[in-house]
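Heads up: the structure comes next, in structure tokens.
Below, chain A is the first sequence line, B the second, and so on; all start at residue 1. What's counted below: heavy atoms across the whole structure, side chains too, no hydrogens, waters or symmetry copies.
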2 protein chains.
Amino acid sequence: MSTSETYSGKRTAEIVGITYRQLDYWARTDLIRPSAADASGSGTRRRYTYQDLLELKVIKSLLDSGLKLESVRDVFAYLREQLNEDIASANLVINGSKSVVTRSGDELIDILQNGQGVLNVLALGGVKEEVDAAIVELHPGVSDLPTAAEA
Amino acid sequence: MSTSETYSGKRTAEIVGITYRQLDYWARTDLIRPSAADASGSGTRRRYTYQDLLELKVIKSLLDSGLKLESVRDVFAYLREQLNEDIASANLVINGSKSVVTRSGDELIDILQNGQGVLNVLALGGVKEEVDAAIVELHPGVSDLPTAAEA
DNA sequence: GCCTGTAATTTCACCGTCGTGACTTCGCGA
DNA sequence: TCGCGAAGTCACGACGGTGAAATTACAGGC
């Protein structure tokens with residue numbers, strides 16, 4: 001799992017499937033800043049890591065499902081660390097402003113049976129796949145993918 | 001399951017747990033209008049049915065979970081009819097702008113396993129319970145509840 | 001039957017969020 | 001050194017409400 005590569009703002013937006021202005025807005029409002037290099041005035045460049053791409057794609061998925069940005073902010077404030085590790089078979093479950101990453105399907109079913117109110121469920125494996133596919137398609141020249149270490 | 005009773009705007013807001021202004025806004029923007037009597041100029045009165053209360057509470061739950069109003073509008077445009085029947089053990093599953101009401105737990109688990117992107121899951125039985133409880137607590141004088149016909 | 005008080009609806013201006021377009025700046029690589 | 005591409009700025013627009021004042025239907029009292 002090398003991927004020490006970093007991505008420009010523009011490419012990042014393309015890979016993740018959002019507008020550049022949106023990425024910019026998120027960076028300036030502290031939702032997610034580029035981990036590799038932040039901007040510091042016009043002329044400087046932001047650099048996003050592969051991890052960032054993953055987080056961005058999760059955010060994008062949540063927005064696409066109709067969640068408001070504000071909730072997404074809450075979720076990420078509370079759980080950013082949890083996303084680091086291997087993600088392939090995990091699920092993200094959001095319950096209002098609380099959220100959990102479940103590692104097994106059983107755990108998920110358990111939560112669903114006991115859960116109250118609305119639960120928002122996202123399969124993280126799919127997110128990773130989409131990001132990887134987008135990188136291959138949109139990122140000419142570099143084949144330094146995380147190459148499905150765990151399925 | 002009598003409940004031919006209707007509820008004023010103010011009481012409806014109290015029972016459902018939203019502000020009157022919000023209920024008003026939803027009515028005038030066509031998200032949900034009172035079924036028993038719509039307003040037609042100031043001085044007139046809106047009258048909501050028990051069914052309306054149920055729908056409103058579903059909407060409220062969805063909003064509380066962080067969904068934007070717009071998505072909720074889509075969902076309801078697409079599925080209002082489905083909510084009529086007995087609700088006690090059903091689940092509402094939203095996938096982007098598509099949505100389904102599942103009648104069994106197995107069906108739900110199935111959808112979760114095959115589903116892509118984010119799934120928003122709401123147990124409808126809980127919604128009904130909350131509405132009934134709120135009516136009892138906030139609606140002095142009338143004990144004409146649907147009295148748990150099916151569990 | 002008429003008048004009046006009250007409670008509900010309307011209206012209107014205003015606020016915060018989530019962007020967006022377009023133009024300006026300016027650092028950095030060639 | 002110079003141009004390009006990326007970041008910054010600013011004004012603007014839609015959405016989702018909200019507070020407060022203005023309207024007005026309707027019920028109760030006389």
Map B/Arg21 and B/Ser8 onto DNA chain C by nearest heavy atom, then report which one ends up closer to the 5' terminus.
B/Ser8
Between D/dG5 and A/Arg46, is there an OP1 or OP2 to side-chain N/O distance shorter than 4.0 Å?
no
Using a heavy-atom cut-off of 4.0 Å across all strands, would you classify B/Lys10 as base, sugar-phosphate, or nothing?
sugar-phosphate
When the distance from CD1 of A/Ile18 to P of C/dT20 is rounded to whole Å, what number comes out?
9 Å
With side chains defined as the heavy atoms from C-beta onward, is the minimum distance between A/Ile15 and A/Tyr48 less than 4.5 Å?
no
For the pair made of OH in B/Tyr7 and P in C/dA7, what is the distance, rounded to whole Å?
21 Å
Hydrogens and angles aside, do A/Thr29 and A/Arg73 bring a side-chain donor and acceptor to less than 3.5 Å of each other?
yes
Under a single-linkage definition using a 4.5 Å side-chain heavy-atom cutoff for Ile, Leu, Val, Met, Phe, Trp and Tyr, are A/Leu67 and B/Phe76 assigned to the same hydrophobic cluster?
yes
Can you see which heavy atom on A/Ser99 is nearest to which on A/Leu92, and at what distance?
CB-CD1, 4.4 Å
Can you measure B/Asp38 atom CG to C/dA8 atom P for me and round it to whole angstrom units?
16 Å
Give the dot-bracket line for DNA chain D from 5' end to 3' end: parentheses for intra-strand Watson-Crick or G-U pairs under 3.5 Å, square brackets for crossings, | for inter-strand pairing, dots for unpaired.
||||||||||||||||||||||||||||||
Does OP1 or OP2 of D/dT18 have a side-chain N or O of B/Thr19 closer than 4.0 Å?
yes
Given B/Arg46, which of B/Asp52, B/Thr12, B/Asp24 fulfils the side chain to side chain donor-acceptor pair (under 3.5 Å) condition?
B/Asp24
Without decimals, in angstroms, what is the distance between B/Leu23 CG and D/dG17 P?
11 Å
For C/dT6, does OP1 or OP2 lie under 4.0 Å from any side-chain N or O of B/Arg45?
no
Path from A/Ile32 to A/Val16 over hydrophobic side-chain contacts below 4.5 Å
yes
Between D/dA6 atom P and A/Arg47 atom CZ, what is the distance in whole Å?
9 Å
C/dT11, OP1 or OP2 - any side-chain N/O from B/Ser42 closer than 4.0 Å?
no
Report the distance from atom CG of B/Asp24 to atom P of D/dA20, rounded to the nearest whole Å.
16 Å
Which part of the nucleic acid, if any, lies within contact of B/Gly41, taking any heavy atom under 4.0 Å across all strands shown: a base, the sugar-phosphate backbone alone, or nothing?
sugar-phosphate
Which nucleotide wins on minimum distance to the side chain of B/Glu70, given the candidates C/dC18, D/dG16, D/dG17?
D/dG16
B/Arg28 vs D/dG17: side-chain N/O to OP1/OP2 distance below 4.0 Å:
no
Cluster link B/Leu119 to A/Leu63, ILVMFWY, side chain under 4.5 Å:
no
From OH of A/Tyr25 across to C1' of C/dG21 the rounded distance in Å is 16 Å
Starting at CD of B/Gln22 and ending at C1' of D/dC15, how long is that distance when rounded to a whole Å?
13 Å
Do the charged groups of B/Arg11 and B/Glu14 touch, with an N to O distance under 4.0 Å?
yes
Side-chain N or O of A/Trp26 closer than 4.0 Å to phosphate OP1/OP2 of C/dC18
no
